[in-house]
Amino acid sequence: MNKLFTSVATAAVLAAAAPAMAADIIVVAHGQANDPFWSVVKNGVEKAAEHTGANVDFRSPETFDMVAMSQLIDAAVNQEPDGLVVSIPDADALGPSIERAVAAGIPVISMNSGSDVAGELGALLHVGQSEYDAGKAAGAKLAEMGGSKGICVNQEVGNVSLDLRCEGFADGFGQEVTVIPTQNDPTEVESKVRAALESDPDVDTVLGLGASLVGEPAVAAVTALGRDDVLVASFDLSAGFLQAVADGKAAFAIDQQQYLQGYLPVAFLALNAEYGLVPGGDVPSGPNLVTQDAAAQVIDLSAQGIR
(Lines give C-alpha, C1' and ligand atoms only; values in the text may rest on other atoms or scores of the structure.)
Protein backbone atom coordinates (compact mmCIF):
# COMPACT_ATOMS: atom_id res chain seq x y z
CA MET A 1 0.00 0.00 0.00
CA ASN A 2 1.65 3.25 -1.09
CA LYS A 3 2.12 6.31 1.08
CA LEU A 4 -0.46 8.43 -0.77
CA PHE A 5 -3.19 5.79 -0.50
CA THR A 6 -2.42 5.23 3.17
CA SER A 7 -2.55 8.95 3.92
CA VAL A 8 -5.81 9.47 2.03
CA ALA A 9 -7.42 6.44 3.64
CA THR A 10 -6.31 7.47 7.13
CA ALA A 11 -7.60 11.02 6.69
CA ALA A 12 -10.93 9.83 5.29
CA VAL A 13 -11.56 7.16 7.92
CA LEU A 14 -10.62 9.31 10.88
CA ALA A 15 -12.54 12.30 9.57
CA ALA A 16 -15.64 10.17 9.07
CA ALA A 17 -15.39 8.52 12.49
CA ALA A 18 -14.48 11.60 14.50
CA PRO A 19 -16.87 14.17 15.92
CA ALA A 20 -16.93 17.57 14.25
CA MET A 21 -13.60 19.32 14.69
CA ALA A 22 -13.96 23.04 15.28
CA ALA A 23 -10.34 23.87 14.42
CA ASP A 24 -9.68 27.24 12.78
CA ILE A 25 -7.55 26.75 9.67
CA ILE A 26 -6.42 29.37 7.17
CA VAL A 27 -5.29 28.51 3.64
CA VAL A 28 -3.15 31.04 1.75
CA ALA A 29 -2.50 30.16 -1.90
CA HIS A 30 -0.76 32.03 -4.70
CA GLY A 31 -3.23 31.03 -7.41
CA GLN A 32 -4.72 33.82 -9.47
CA ALA A 33 -8.44 34.39 -9.49
CA ASN A 34 -8.90 33.53 -13.18
CA ASP A 35 -7.05 30.20 -13.00
CA PRO A 36 -9.46 27.21 -13.02
CA PHE A 37 -6.75 25.03 -11.46
CA TRP A 38 -7.15 26.81 -8.14
CA SER A 39 -10.91 26.44 -8.08
CA VAL A 40 -10.30 22.68 -7.87
CA VAL A 41 -7.87 23.18 -4.98
CA LYS A 42 -10.50 25.30 -3.24
CA ASN A 43 -13.12 22.60 -3.83
CA GLY A 44 -10.86 20.16 -2.00
CA VAL A 45 -10.40 22.62 0.85
CA GLU A 46 -14.15 23.09 1.19
CA LYS A 47 -14.84 19.34 1.13
CA ALA A 48 -12.27 18.77 3.89
CA ALA A 49 -13.91 21.52 5.95
CA GLU A 50 -17.26 19.79 5.46
CA HIS A 51 -15.88 16.39 6.45
CA THR A 52 -13.98 17.58 9.53
CA GLY A 53 -16.18 20.41 10.74
CA ALA A 54 -13.18 22.76 10.74
CA ASN A 55 -13.63 26.48 10.16
CA VAL A 56 -11.56 27.11 7.04
CA ASP A 57 -10.80 30.42 5.33
CA PHE A 58 -9.27 30.30 1.82
CA ARG A 59 -7.32 33.40 0.76
CA SER A 60 -5.26 34.35 -2.29
CA PRO A 61 -4.05 37.55 -4.00
CA GLU A 62 -5.88 38.77 -7.09
CA THR A 63 -2.70 38.46 -9.18
CA PHE A 64 0.62 36.62 -8.84
CA ASP A 65 1.94 39.01 -6.20
CA MET A 66 4.40 37.75 -3.60
CA VAL A 67 4.24 40.94 -1.53
CA ALA A 68 0.46 40.64 -1.27
CA MET A 69 0.74 36.94 -0.48
CA SER A 70 3.29 37.50 2.30
CA GLN A 71 0.93 40.09 3.77
CA LEU A 72 -1.91 37.54 3.69
CA ILE A 73 0.28 35.05 5.57
CA ASP A 74 1.25 37.70 8.13
CA ALA A 75 -2.41 38.57 8.65
CA ALA A 76 -3.22 34.88 9.12
CA VAL A 77 -0.47 34.53 11.74
CA ASN A 78 -1.92 37.46 13.65
CA GLN A 79 -5.22 35.58 13.91
CA GLU A 80 -3.47 32.65 15.66
CA PRO A 81 -5.28 29.84 13.83
CA ASP A 82 -4.99 26.16 14.77
CA GLY A 83 -3.28 25.49 11.46
CA LEU A 84 -1.99 27.24 8.34
CA VAL A 85 -1.77 25.88 4.79
CA VAL A 86 0.46 27.70 2.32
CA SER A 87 1.77 27.28 -1.19
CA ILE A 88 5.39 28.40 -1.64
CA PRO A 89 6.11 29.55 -5.20
CA ASP A 90 8.91 31.88 -3.99
CA ALA A 91 10.70 30.88 -0.80
CA ASP A 92 12.80 34.06 -0.69
CA ALA A 93 9.71 36.25 -0.67
CA LEU A 94 7.48 34.11 1.55
CA GLY A 95 10.00 32.40 3.81
CA PRO A 96 10.11 35.06 6.56
CA SER A 97 6.32 35.08 6.90
CA ILE A 98 6.16 31.28 7.05
CA GLU A 99 8.96 31.15 9.61
CA ARG A 100 7.07 33.71 11.67
CA ALA A 101 4.06 31.38 11.71
CA VAL A 102 6.21 28.45 12.83
CA ALA A 103 7.88 30.56 15.53
CA ALA A 104 4.42 31.50 16.81
CA GLY A 105 3.66 27.80 17.31
CA ILE A 106 1.20 27.54 14.40
CA PRO A 107 1.37 24.15 12.61
CA VAL A 108 2.10 24.77 8.92
CA ILE A 109 1.59 22.40 5.99
CA SER A 110 2.65 23.44 2.50
CA MET A 111 0.89 22.33 -0.65
CA ASN A 112 1.28 22.52 -4.40
CA SER A 113 4.61 24.36 -4.58
CA GLY A 114 7.63 24.44 -2.32
CA SER A 115 8.40 20.76 -1.81
CA ASP A 116 12.13 21.53 -1.95
CA VAL A 117 12.07 24.21 0.78
CA ALA A 118 9.08 23.39 3.00
CA GLY A 119 11.08 21.41 5.55
CA GLU A 120 13.74 24.10 5.84
CA LEU A 121 11.06 26.69 6.60
CA GLY A 122 9.56 24.54 9.36
CA ALA A 123 6.51 23.08 7.64
CA LEU A 124 5.29 19.77 9.07
CA LEU A 125 5.04 18.25 5.59
CA HIS A 126 4.27 19.00 1.97
CA VAL A 127 1.38 17.74 -0.18
CA GLY A 128 2.18 17.97 -3.88
CA GLN A 129 4.58 16.73 -6.49
CA SER A 130 8.25 17.26 -7.28
CA GLU A 131 7.94 19.78 -10.11
CA TYR A 132 11.39 19.03 -11.54
CA ASP A 133 10.77 15.28 -11.55
CA ALA A 134 7.33 15.77 -13.11
CA GLY A 135 8.83 17.91 -15.87
CA LYS A 136 11.58 15.37 -16.43
CA ALA A 137 9.06 12.54 -16.73
CA ALA A 138 7.07 14.56 -19.26
CA GLY A 139 10.21 15.36 -21.26
CA ALA A 140 11.31 11.74 -21.38
CA LYS A 141 7.84 10.63 -22.53
CA LEU A 142 7.69 13.28 -25.26
CA ALA A 143 11.16 12.31 -26.50
CA GLU A 144 10.03 8.66 -26.54
CA MET A 145 7.04 9.73 -28.65
CA GLY A 146 9.38 11.26 -31.24
CA GLY A 147 9.79 14.87 -30.19
CA SER A 148 13.05 16.49 -31.24
CA LYS A 149 12.78 20.25 -30.57
CA GLY A 150 10.54 21.79 -27.95
CA ILE A 151 9.11 24.88 -26.31
CA CYS A 152 8.00 25.19 -22.69
CA VAL A 153 5.27 27.81 -22.27
CA ASN A 154 5.38 29.55 -18.86
CA GLN A 155 2.26 31.56 -18.03
CA GLU A 156 3.38 32.64 -14.54
CA VAL A 157 6.91 33.99 -14.77
CA GLY A 158 8.50 34.26 -11.33
CA ASN A 159 6.91 31.09 -9.99
CA VAL A 160 9.90 28.90 -9.11
CA SER A 161 7.81 25.75 -9.40
CA LEU A 162 7.07 26.49 -13.05
CA ASP A 163 10.74 27.19 -13.71
CA LEU A 164 11.51 23.75 -12.26
CA ARG A 165 8.96 22.16 -14.59
CA CYS A 166 10.66 23.66 -17.63
CA GLU A 167 14.11 22.71 -16.31
CA GLY A 168 13.03 19.13 -15.72
CA PHE A 169 11.37 19.01 -19.15
CA ALA A 170 14.59 20.11 -20.86
CA ASP A 171 16.66 17.52 -18.99
CA GLY A 172 14.21 14.68 -19.61
CA PHE A 173 13.67 15.66 -23.25
CA GLY A 174 17.40 15.72 -23.98
CA GLN A 175 16.90 17.96 -27.01
CA GLU A 176 16.78 21.72 -27.59
CA VAL A 177 14.09 23.47 -25.51
CA THR A 178 13.16 27.17 -25.52
CA VAL A 179 11.10 28.73 -22.72
CA ILE A 180 8.29 30.98 -23.99
CA PRO A 181 7.12 33.45 -21.30
CA THR A 182 3.49 34.67 -21.43
CA GLN A 183 0.81 36.15 -19.23
CA ASN A 184 -2.00 33.90 -18.02
CA ASP A 185 -4.13 34.97 -20.97
CA PRO A 186 -5.21 32.16 -23.33
CA THR A 187 -5.40 34.51 -26.30
CA GLU A 188 -1.81 35.64 -25.78
CA VAL A 189 -0.68 32.05 -25.27
CA GLU A 190 -2.27 30.91 -28.52
CA SER A 191 -0.66 33.81 -30.38
CA LYS A 192 2.81 33.14 -28.94
CA VAL A 193 2.67 29.40 -29.54
CA ARG A 194 1.54 29.99 -33.11
CA ALA A 195 4.36 32.53 -33.65
CA ALA A 196 6.94 30.10 -32.25
CA LEU A 197 5.78 27.32 -34.58
CA GLU A 198 5.65 29.62 -37.62
CA SER A 199 9.10 31.07 -36.96
CA ASP A 200 10.74 27.66 -36.51
CA PRO A 201 9.14 24.73 -38.38
CA ASP A 202 11.54 22.35 -36.59
CA VAL A 203 9.67 22.83 -33.30
CA ASP A 204 7.58 19.70 -32.93
CA THR A 205 6.88 19.60 -29.18
CA VAL A 206 4.95 21.97 -26.91
CA LEU A 207 4.76 21.61 -23.14
CA GLY A 208 2.20 23.79 -21.35
CA LEU A 209 2.34 24.40 -17.63
CA GLY A 210 -1.44 24.73 -17.14
CA ALA A 211 -4.21 22.93 -19.03
CA SER A 212 -6.85 25.66 -19.33
CA LEU A 213 -4.56 28.64 -19.74
CA VAL A 214 -1.85 27.04 -21.90
CA GLY A 215 -2.70 23.50 -22.99
CA GLU A 216 -6.01 24.32 -24.66
CA PRO A 217 -4.78 27.42 -26.54
CA ALA A 218 -1.64 25.50 -27.59
CA VAL A 219 -3.84 22.82 -29.15
CA ALA A 220 -5.84 25.57 -30.86
CA ALA A 221 -2.65 27.08 -32.30
CA VAL A 222 -1.41 23.73 -33.59
CA THR A 223 -4.81 22.94 -35.11
CA ALA A 224 -5.04 26.35 -36.80
CA LEU A 225 -1.67 25.76 -38.45
CA GLY A 226 -2.55 22.22 -39.51
CA ARG A 227 0.55 20.91 -37.74
CA ASP A 228 -0.49 17.32 -37.04
CA ASP A 229 3.17 16.50 -36.40
CA VAL A 230 3.37 18.63 -33.23
CA LEU A 231 3.14 16.90 -29.86
CA VAL A 232 1.27 18.92 -27.23
CA ALA A 233 1.30 18.00 -23.55
CA SER A 234 0.31 20.00 -20.52
CA PHE A 235 0.52 20.00 -16.77
CA ASP A 236 -2.80 19.70 -14.98
CA LEU A 237 -6.26 18.84 -16.24
CA SER A 238 -9.23 20.58 -17.80
CA ALA A 239 -12.24 19.05 -19.51
CA GLY A 240 -11.23 20.74 -22.77
CA PHE A 241 -7.64 19.55 -22.74
CA LEU A 242 -8.64 16.04 -21.70
CA GLN A 243 -11.02 15.95 -24.66
CA ALA A 244 -8.11 16.92 -26.91
CA VAL A 245 -6.09 14.03 -25.45
CA ALA A 246 -9.02 11.64 -25.93
CA ASP A 247 -9.39 12.83 -29.54
CA GLY A 248 -5.69 12.37 -30.26
CA LYS A 249 -5.05 16.10 -30.67
CA ALA A 250 -2.80 16.20 -27.60
CA ALA A 251 -0.31 13.68 -26.24
CA PHE A 252 -1.10 13.60 -22.52
CA ALA A 253 -1.86 15.62 -19.42
CA ILE A 254 0.20 15.59 -16.22
CA ASP A 255 -2.12 15.22 -13.25
CA GLN A 256 -0.93 16.38 -9.82
CA GLN A 257 -4.39 15.81 -8.28
CA GLN A 258 -4.80 19.32 -6.91
CA TYR A 259 -8.07 18.38 -5.22
CA LEU A 260 -5.94 16.34 -2.81
CA GLN A 261 -3.61 19.31 -2.36
CA GLY A 262 -6.55 21.26 -1.00
CA TYR A 263 -8.23 18.44 0.91
CA LEU A 264 -5.39 16.64 2.67
CA PRO A 265 -3.62 19.56 4.42
CA VAL A 266 -6.92 20.73 5.94
CA ALA A 267 -7.82 17.18 7.04
CA PHE A 268 -4.35 16.66 8.50
CA LEU A 269 -4.38 19.96 10.42
CA ALA A 270 -7.86 19.27 11.78
CA LEU A 271 -6.71 15.85 12.99
CA ASN A 272 -3.60 17.43 14.46
CA ALA A 273 -5.61 20.05 16.34
CA GLU A 274 -8.02 17.45 17.73
CA TYR A 275 -5.77 14.44 18.37
CA GLY A 276 -2.17 15.47 17.73
CA LEU A 277 -2.08 13.21 14.67
CA VAL A 278 0.00 14.11 11.62
CA PRO A 279 1.74 12.03 8.90
CA GLY A 280 5.45 11.52 9.34
CA GLY A 281 6.47 12.75 5.90
CA ASP A 282 5.51 14.42 2.64
CA VAL A 283 2.56 13.13 0.62
CA PRO A 284 3.12 12.93 -3.17
CA SER A 285 -0.09 13.80 -5.01
CA GLY A 286 1.51 13.27 -8.43
CA PRO A 287 2.66 13.16 -11.12
CA ASN A 288 0.40 10.87 -13.11
CA LEU A 289 0.43 10.95 -16.91
CA VAL A 290 -3.11 10.85 -18.33
CA THR A 291 -2.88 9.48 -21.86
CA GLN A 292 -5.51 8.86 -24.53
CA ASP A 293 -6.76 5.57 -23.11
CA ALA A 294 -7.56 7.14 -19.73
CA ALA A 295 -8.52 10.70 -20.66
CA ALA A 296 -12.19 10.05 -21.38
CA GLN A 297 -12.65 8.49 -17.92
CA VAL A 298 -11.80 11.72 -16.07
CA ILE A 299 -13.40 14.37 -18.31
CA ASP A 300 -16.60 14.47 -16.28
CA LEU A 301 -14.71 14.67 -12.98
CA SER A 302 -12.64 17.54 -14.34
CA ALA A 303 -15.79 19.35 -15.42
CA GLN A 304 -17.11 18.89 -11.88
CA GLY A 305 -14.02 20.52 -10.39
CA ILE A 306 -12.60 17.36 -8.84
CA ARG A 307 -9.87 16.28 -11.30
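Count residues from 1 along the sequence.
Residues satisfying the side chain to side chain contact (heavy atoms under 4.5 Å, CB included) test with Q71, not counting sequence neighbours, are V67. Scanning for side chain to side chain contact (heavy atoms under 4.5 Å, CB included) contacts around V40 gives Q258, Y259, with sequence neighbours left out. Applying the side chain to side chain contact (heavy atoms under 4.5 Å, CB included) rule to A295 yields the partners L242, V245, A246, V290; only residues at least two apart in sequence or on another chain are considered. Judged as a side chain to side chain donor-acceptor pair (under 3.5 Å), and not counting sequence neighbours, the contacts of T291 are D293. With sequence neighbours left out, the side chain to side chain contact (heavy atoms under 4.5 Å, CB included) criterion links A195 to no other residue. Annotation: side chain to side chain donor-acceptor pair (under 3.5 Å) contacts of D300 (sequence neighbours excluded): none.
Residues in residues 208-246 take part in no ring-ring contact (aromatic ring centres under 6.0 Å, His included) pair, two or more places apart or across chains. Applying the salt bridge (Lys or Arg N to Asp or Glu O under 4.0 Å) definition to pairs two or more places apart or across chains, those involving residues 216-234 are R227-D229. The list of salt bridge (Lys or Arg N to Asp or Glu O under 4.0 Å) pairs with a residue in residues 113-138, not counting sequence neighbours, reads E131-R165.
Within the hydrophobic cluster formed by Ile, Leu, Val, Met, Phe, Trp and Tyr side chains joined at under 4.5 Å, directly or through other members, Y132 is accompanied by V160, L164.
A donor atom on one side chain and an acceptor atom on the other are found under 3.5 Å apart for H126 and S110.
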Please tabulate, for the side chains in residues 88-102, all donor-acceptor contacts under 3.5 angstrom to protein atoms that are two or more places apart in sequence or on a different chain.
residue, atom, partner, partner atom, Å
D90, OD1, D92, N, 3.1
D90, OD1, A93, N, 3.1
S97, OG, S70, O, 3.4
S97, OG, D74, OD1, 2.9
R100, NH1, D74, O, 3.4
R100, NH2, N78, OD1, 2.6

Please list, one pair per line, the donor and acceptor atoms closer than 3.5 Å that link side chains of residues 173-181 to other protein atoms, with sequence neighbours excluded.
none

